[in-house]
2 protein chains.
Amino acid sequence: MRVRLEEVARAASVSPKTVSRVLNDEANVSEETRKRVRAAMEELDYRPHPSARSLAGNRSFVVAMLYDNNDNPASTYLAEIQDGVLEACDAHRYSMMVRPLRMRGDDFIRRLDALISDHHPDGVVLTPPITDYAPLLKRLRERNVPYASVSPQSDTSIGVRMDEQAAARAIVEHLLGLGHRRIAHVLGIADHGASRWRLAGYREAMAAAGVPEDPALVVQGAFTFGSGVTAARELFALKQRPTAVFAANDDMATGVMWAAGEYGLKVPQDLSVCGFDDTPLARQLWPALTTVQQPSREMGRIAAQQLLNLLRGRGTGELVQMPFSLQIRGSTARVS
Amino acid sequence: MRVRLEEVARAASVSPKTVSRVLNDEANVSEETRKRVRAAMEELDYRPHPSARSLAGNRSFVVAMLYDNNDNPASTYLAEIQDGVLEACDAHRYSMMVRPLRMRGDDFIRRLDALISDHHPDGVVLTPPITDYAPLLKRLRERNVPYASVSPQSDTSIGVRMDEQAAARAIVEHLLGLGHRRIAHVLGIADHGASRWRLAGYREAMAAAGVPEDPALVVQGAFTFGSGVTAARELFALKQRPTAVFAANDDMATGVMWAAGEYGLKVPQDLSVCGFDDTPLARQLWPALTTVQQPSREMGRIAAQQLLNLLRGRGTGELVQMPFSLQIRGSTARVS
DNA sequence: CTGAAAGCGCTAACAT
DNA sequence: ATGTTAGCGCTTTCAG
């Protein structure tokens, strides 16, 4: 019924071990033998049994994608990363497993240990914000589970990253170029790399343009739509309202636009708004949102690729830098 | 290093097979012995090795969630279902695997076979629209892979379903109750159960209210934002414009609202708009969207549960009916 | 470069 | 109700 390695060996007139060598791209097989074995595999439509491989070889061929299901970014962001990770795993015949993992809670280590013991991933891909959770990284190293990160704050991980600070700076420069000076910023959740980098880019651009920082124009948000609304109300209540708002992500920018409607402010005539991420939502708004495109799917793929390079003994993996690009749309205009 | 079943057996003074029986909740173990073995497992923090279990037992303890990654519904819908499926799998120590599977393409069966041979799922959860793809269902049955579906059209599957037709009827009745008579409907993709049921509910409500059907008011869409915009433009160009639009999902309803803005129509004063699904987007619009809440996460959980009941020999699984609820918000108002 | 033997950790089948 | 034996399909070790 099921074709086994042994039958491939018989068909190719070699020992089972040799077929195994070919299957795993190991050395010490002559090119000719390798070809013959490959042909036999093809011919018989041989599919190695993953459990047998795992058991004997002491590896699972499973990559787990870990995410914080409590205070995580938008679900579409994670869905895109997941798509990319899956694509990379498929390319090397690894399986992907998705695992939520709440950071808060004192049984964190226990839950992490259970995850590792129960599923034996050969490696894990970390997504923000758990990319920088020290107890997690420590435990993964202790248990010898390799990992790669999407947008880590530290330079010591392998994975992928975009220069978010430069991107934030560029988008604020876009606003400055339109004549805006009173530019507000809605912050993301504290400690998230995304929040830090985007604030840093904002400050950098403002400072470079010689605009003194007004603390009243930098307000707290939490990456959600609702927090954007709240933050915007705070800004609109100021004696000197901003003429432009740079929100740390698209969801909050959407909230700002809603609040603008409440206050009778027209976007972009009375207020320019921009976000960050370029979620599908950005194009659906009216006017469409000026934002920074973050290629999440690509980033997921690349992070997984770095991990797989490591797992497959193809080098040590690196921290790849992604380019960014501004999406200038209808929500920003020259100051009136 | 790793605790094995044998050590548990030694600690509990029983044979390995007895431990295995306890592990798998099999019969023929005295309650006393069972307790002693459970205590030993706990004590040693024993974790069965999944691959060993799979190999010996000829089952993988893996459930695959299949989705069409080509013309699928919104990613947030799938993400929520995935969450629910994962929750159910975790509860019974099964692993979940997510697998995209395009319907179109003549190598469909080959890809499905590869998926099964490569990953050996014990069962699969199907999500719309592949819940009703006959070649898929046929092949799964041939290969003896049990499945459960989220919102299948046929009554023969196990899984979960909402009475979408009744829900659609209810929301159209809400519009009728506000005095609307010229109510348009934007269709979803043909053949999708969601499109059929929502149209049927629309017709049912209109007929019951004695409003003759105007074919010009039923226009094609494709579940996307853009298709909603296009459909709405068509409707607004009519000599007799509708006073209300029921779009078959929230994304298209959003498109309708955008198009309304283009035409200078105010929602809800000049036009009432409602959708279906209650995606996060619905609450973020301004005005917020009147829609039908579909508890996707719950539905994913329940579908997976039915499958697991089957896999674990706990009955045969059934097709569970979910209740629906209308979310009346600012986008609908009395006709002026 | 290739092969033979042993065994990964568990469960099926058959005892008792 | 419990134990014994054999083996799932592959890889490891070690020998040539």
Side-chain angles (χ1 to χ4, degrees), chain A residues 1-38 40-41 44-62 93-95 117-120 122 311-313, chain B residues 1-38 40-41 44-62 93-95 117-120 122 311-313:
Chain A
M1 137 126 207
R2 182 191 182 81
V3 179
R4 279 160 311 146
L5 182 141
E6 193 189 349
E7 306 170 36
V8 176
R10 215 176 304 135
S13 312
V14 293
S15 75
K17 177 62 209 178
T18 298
V19 178
S20 171
R21 284 195 179 96
V22 173
L23 191 62
N24 295 293
D25 284 325
E26 280 172 27
N28 293 329
V29 182
S30 75
E31 206 39 59
E32 199 200 354
T33 308
R34 202 179 287 271
K35 255 185 4 209
R36 212 167 62 241
V37 171
R38 287 236 164 83
M41 285 176 166
L44 298 170
D45 192 27
Y46 169 65
R47 308 278 175 166
H49 192 120
S51 302
R53 237 146 76 95
S54 302
L55 185 57
N58 196 31
R59 56 223 208 99
S60 61
F61 298 96
V62 165
R93 302 190 142 241
Y94 270 67
S95 297
S117 304
D118 287 343
H119 301 287
H120 292 269
D122 287 342
L311 296 181
R312 305 185 335 120
Chain B
M1 134 122 208
R2 183 190 181 79
V3 180
R4 277 160 312 146
L5 182 141
E6 193 189 349
E7 305 170 37
V8 176
R10 214 176 302 135
S13 311
V14 294
S15 75
K17 178 64 208 179
T18 299
V19 178
S20 171
R21 285 194 179 96
V22 173
L23 191 62
N24 295 294
D25 282 325
E26 280 171 29
N28 292 328
V29 180
S30 76
E31 207 39 60
E32 198 200 356
T33 309
R34 205 179 285 273
K35 256 186 2 211
R36 212 169 61 241
V37 171
R38 287 237 165 83
M41 284 175 167
L44 297 170
D45 192 28
Y46 168 65
R47 309 279 175 164
H49 194 294
S51 302
R53 237 146 79 94
S54 304
L55 185 58
N58 196 32
R59 55 224 208 99
S60 61
F61 299 95
V62 166
R93 301 188 144 245
Y94 270 67
S95 298
S117 305
D118 286 343
H119 301 287
H120 293 269
D122 287 341
L311 296 181
R312 305 186 334 122

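Hydrogens, waters and symmetry mates play no part in the numbers below; they use all other heavy atoms, side chains included.
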A:Lys35: which residues meet the side-chain contact (heavy atoms from CB on, under 4.5 Å) condition with it, sequence neighbours left out?
none

Do any N or O atoms of the protein come closer than 3.5 Å to N or O atoms of nucleotides 5-9 of chain D, and which pairs are they?
{"unit_1": "D:dC8", "atom_1": "O2", "unit_2": "B:Ala56", "atom_2": "N", "d": "3.3"}

Can you list the residues that meet the side-chain contact (heavy atoms from CB on, under 4.5 Å) rule with B:Arg47, with sequence neighbours excluded?
A:Ala114, A:Ser117, A:Asp118, B:Arg2, B:Asp45, B:Arg93

What's the separation between atom CZ in A:Phe61 and atom NE2 in A:His120, rounded to the nearest 0.5 Å?
14.5 Å

Which residues share a side chain to side chain donor-acceptor pair (under 3.5 Å) with A:Arg53, sequence neighbours left out
A:Asn24

With the threshold set at 4.0 Å, does a side-chain nitrogen-carboxylate oxygen contact exist between B:Glu7 and B:Arg4?
yes

Which residues in residues 27-37 of chain B have at least one heavy atom lying under 4.0 Å from any atom of DNA chain D?
B:Asn28, B:Val29, B:Ser30, B:Thr33

Please determine which of B:Leu23, B:Val19, B:Asp25, B:Thr18 meets the side-chain contact (heavy atoms from CB on, under 4.5 Å) test together with B:Arg21.
B:Thr18

Starting from the 5' end of DNA chain C, give me the residue, B:Pro16 or A:Ser15, whose nearest nucleotide shows up first.
A:Ser15

Would you give the length of the straight line joining atom CD of A:Glu6 to atom OG of A:Ser15, rounded to the nearest 0.5 angstrom?
11.0 Å

Answer with base, sugar-phosphate or nothing: what part of the nucleic acid does A:Asn58 contact at a heavy-atom distance below 4.0 Å?
nothing

Chain A footprint on DNA chain C, 5' to 3' - any atom under 4.0 Å from a heavy atom:
C:dC1 to C:dG9

Distance-only side-chain donor-acceptor flag, B:Ser60 / B:His119, under 3.5 Å:
no

From CZ (A:Arg59) to OG (B:Ser51), nearest 0.5 Å:
12.0 Å

Nearest 0.5 Å, what's the CG-CG distance between A:Leu5 and A:Leu44?
11.0 Å

